[in-house]
Amino acid sequence: VPLRYGPNAYTATIAQLPLDSVVYVQQQQTVNGVSWYVVFYNGNAGYIRADQMLRKMTEAEINKYMAGQKTTAPTSPSKTILTESPATAT
């Protein structure tokens with residue numbers, strides 16, 4: 001499935017998505033009577049014709065996909081205790 005720079009069949013292709021690719025759909029647009037999805041795939045934003053999307057993920061597939069995503073846990077700020085003024089430290 002072609003991932004395109006714009007919502008037009010003649011717009012240049014960013015990437016050719018393999019079968020069963022997972023994309024994040026941000027929104028849907030209709031241009032000249034044709035529905036397009038604005039999607040994100042591997043860090044690229046682009047357009048895929050709605051009739052070329054094979055299917056939506058099931059709830060179980062969504063949960064499995066989300067569980068496999070890397071998340072960064074917030075870290076506590078480091079605590080520094082000054083026992084003497086930096087200007088007078090030796």
Side-chain angles (χ1 to χ4, degrees):
V1 175
L3 177 65
R4 299 189 179 277
Y5 285 105
N8 183 306
Y10 300 105
T11 302
T13 301
I14 299 169
Q16 191 69 27
L17 278 59
L19 207 55
D20 288 333
S21 295
V22 175
V23 298
Y24 172 77
V25 177
Q26 182 181 29
Q27 65 178 326
Q28 184 175 0
Q29 297 179 357
T30 301
V31 178
N32 297 326
V34 178
S35 292
W36 293 83
Y37 290 116
V38 178
V39 303
F40 290 92
Y41 174 75
N42 282 349
N44 295 304
Y47 293 81
I48 295 177
R49 266 185 28 192
D51 63 350
Q52 293 180 324
M53 296 287 283
L54 299 177
R55 67 178 175 85
K56 291 186 177 181
M57 291 171 37
T58 65
E59 191 68 29
E61 288 172 320
I62 292 170
N63 292 337
K64 182 178 177 184
Y65 174 78
M66 294 305 291
Q69 296 302 299
K70 293 181 181 178
T71 58
T72 304
T75 58
S76 300
S78 63
K79 295 179 182 177
T80 303
I81 300 172
L82 292 177
T83 56
E84 50 185 303
S85 170
T88 60
T90 55

To the nearest 0.5 Å, how far apart are [atom1] in [X] and [atom2] in [Y]?
X	Y	atom1	atom2	value
Ser35	Gln52	OG	CD	12.0 Å
Tyr37	Leu3	OH	CG	14.5 Å
Arg4	Gln16	CZ	CD	8.0 Å

I'd like to know whether Trp36 forms a side chain to side chain contact (heavy atoms under 4.5 Å, CB included) with Thr30, so could you lay out the CA-CA distance, the side-chain angles of the two residues, the decisive distance to 0.1 Å, and finally the verdict. CA-CA 6 Å; Trp36 293 83; Thr30 301; over 6 Å; no
Against Leu17, only a single residue in Val22, Val23, Asn44 fulfils side chain to side chain contact (heavy atoms under 4.5 Å, CB included); can you say which? Val23
Please examine the side chains of Val31 and Asn8, heavy atoms only from C-beta on, and report whether any two atoms are closer than 4.5 Å. no
Going only through I, L, V, M, F, W and Y residues with side-chain contacts under 4.5 Å, is there a path from [X] to [Y]?
X	Y	answer
Met53	Val1	yes
Val39	Ile14	yes
Val34	Ile48	no

What are the two closest non-hydrogen atoms of Gln28 and Ala50, and how far apart are they? NE2-CB, 4.3 Å
